[in-house]
Number of protein chains: 2
Amino acid sequence: MARRSDVTRQAILEAARERFASDGYERTTIRAIAADAGIDPAMVMRYYGNKENLFSVAADLDLRVPDLTEVPRADIGAVLARHVMTRWEGDETLMALLRAGVTNPAIAERMRSIFAAQLGPVVVTVAPGQVETRAGLVSTQVLGFTLCRYILKFPPVVAMSVEDVVRWLGPTLQRYLTEPEVLA
Amino acid sequence: MARRSDVTRQAILEAARERFASDGYERTTIRAIAADAGIDPAMVMRYYGNKENLFSVAADLDLRVPDLTEVPRADIGAVLARHVMTRWEGDETLMALLRAGVTNPAIAERMRSIFAAQLGPVVVTVAPGQVETRAGLVSTQVLGFTLCRYILKFPPVVAMSVEDVVRWLGPTLQRYLTEPEVLA
DNA sequence: CTCCTTGGTCAACGGTTGTTGACTTTCAAG
DNA sequence: CTTGAAAGTCAACAACCGTTGACCAAGGAG
């Protein structure tokens with residue numbers, strides 16, 4: 001059953017995603033979101049309760065990690081690197097989550113559970129043990145790249161082409177996933 | 001010539017560093033800094049003009065990248081990885097800069113110039129061309145690790161020992177710095 | 001048409017923030 | 001001791017924030 005207010009709800013959600021992604025959690029105001037959506041700030045509160053809840057609805061993240069069991073073992077690093085580059089075209093959710101999670105402990109906890117829940121199961125299908133450590137290492141390189149390219153905008157990282165990224169980051173991810181167990 | 005107010009100035013600076021590091025730029029208030037330093041908020045304004053200027057004085061970052069010309073070529077990745085782990089004990093400056101730079105464009109620009117100015121000259125002494133790209137790649141892995149370990153606190157990354165980090169990140173940094181030129 | 005749920009607007013609240021200026025205290029130089 | 005600059009206090013400002021409740025408009029059901 002479609003409600004009459006669904007278009008408004010959607011407009012709020014899209015405006016919220018853009019604002020949270022570009023401004024972070026604290027700098028994003030309910031008033032600005034409402035103005036972008038062309039409605040009154042009170043509507044945002046009516047439909048989403050409060051700012052925190054609006055964020056958690058707007059920043060529901062699906063990494064869409066590819067199924068690595070169908071990929072030749074030697075290529076999984078490259079496939080993963082290419083996926084990282086293409087995953088965020090037209091989807092600002094990760095940027096919103098990253099910008100907000102850095103200063104908001106509750107959102108940081110959300111990121112921890114998202115990466116653990118979505119990366120762990122994929123890593124376990126290809127890795128020779130030390131699954132959590134490997135998933136963590138992949139996260140450091142993927143998030144570090146996302147941070148430097150899309151948020152901090154380090155010029156040499158922004159300048160890299162998809163093929164550059166595959167050739168440089170691919171072997172790194174490959175090693176984090178397939179290198180034989182390293183004892184501590 | 002030592003001023004009578006130097007202790008107060010220093011107390012403000014230390015309180016500011018801690019607050020900016022743990023709360024980020026927007027959540028840190030002049031009032032909280034003043035309370036930590038045990039003085040009146042007006043003193044902060046008197047000595048540092050405004051919040052933005054106080055931050056730029058408090059978050060003056062020196063990476064202290066080691067001189068790699070004295071290190072055996074095969075070990076520079078490991079040396080760099082170990083340095084990253086030990087550099088931030090008792091110095092919250094990078095955390096402050098990272099937390100703030102993610103939502104504040106001016107501070108992001110500061111980070112860009114800091115990493116370019118301090119990492120570039122070291123990379124150029126060991127790398128076979130493509131210096132900026134290599135420095136950028138090193139930044140992605142180093143900042144990604146810092147982000148996941150100290151800010152987002154991903155459990156497997158927090159659990160890693162110094163030796164774990166050297167063994168996992170060392171080869172990555174080594175490759176980013178010494179791998180023969182990769183064409184685009 | 002009437003009624004009542006739903007969608008939407010408006011103005012205001014209490015609180016917090018960065019910042020300012022007037023005021024008082026401290027203290028060393030004359 | 002006197003004096004005047006420096007150090008520090010206090011109260012308030014203007015702006016902005018999230019949030020609320022009273023109010024109006026629409027539109028389908030009976």
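So you know, we letter chains A, B, ... as the sequences are listed, proteins then strands, and number each from 1. The analysis underlying the following values was restricted to heavy atoms, covering all of them including side chains, and did not include hydrogens, waters or symmetry mates. This is a predicted model, so every value here is computed, not measured.
Residue A:Arg27 is the one, among A:Arg27 and A:Asp40, whose nearest nucleotide of DNA chain D lies closer to the 5' end (criterion: closest heavy atom).
One N or O donor and one acceptor, one from the side chain of B:Arg46 and one from the base of D:dG8, sit under 3.5 Å apart.
Within the 4.5 Å cutoff, the side chain of A:Asp62 has heavy atoms near those of the A:Gln118 side chain.
Checking the phosphate oxygens (OP1, OP2) of C:dG7, no side-chain nitrogen or oxygen of A:Thr8 falls inside 4.0 Å.
In this structure, CG of B:Asn50 is placed 8 Å from P of C:dT20, rounded to the nearest angstrom. Rounded to whole Å, the distance from CE on B:Met45 to C1' on C:dG21 is 13 Å.
Of the residues B:Val123, B:Val131, B:Thr125, the one that meets the side-chain contact (heavy atoms from CB on, under 4.5 Å) test with B:Leu177 is B:Val123.
Out of C:dG18, C:dG21, D:dG21, the shortest distance to the side chain of B:Ile30 is found at C:dG18. You'll find that the side chain of A:Arg4 is closest to C:dT6, out of C:dT6, D:dG8, D:dC17. Taking only side-chain atoms of B:Ser5, from C-beta outward, the nucleotide of D:dG8, C:dG8, C:dT26 with the closest atom is D:dG8.
Among the heavy atoms of the strands lying under 4.0 Å from A:Tyr47 are primed sugar atoms or P, OP1, OP2 only; no base atom is included.
Between A:Ile76 atom CD1 and A:Glu70 atom CD the span is 13.5 Å, to the nearest 0.5 Å. To the nearest 0.5 Å, the span separating NZ on B:Lys153 from SG on B:Cys148 amounts to 12.0 Å.
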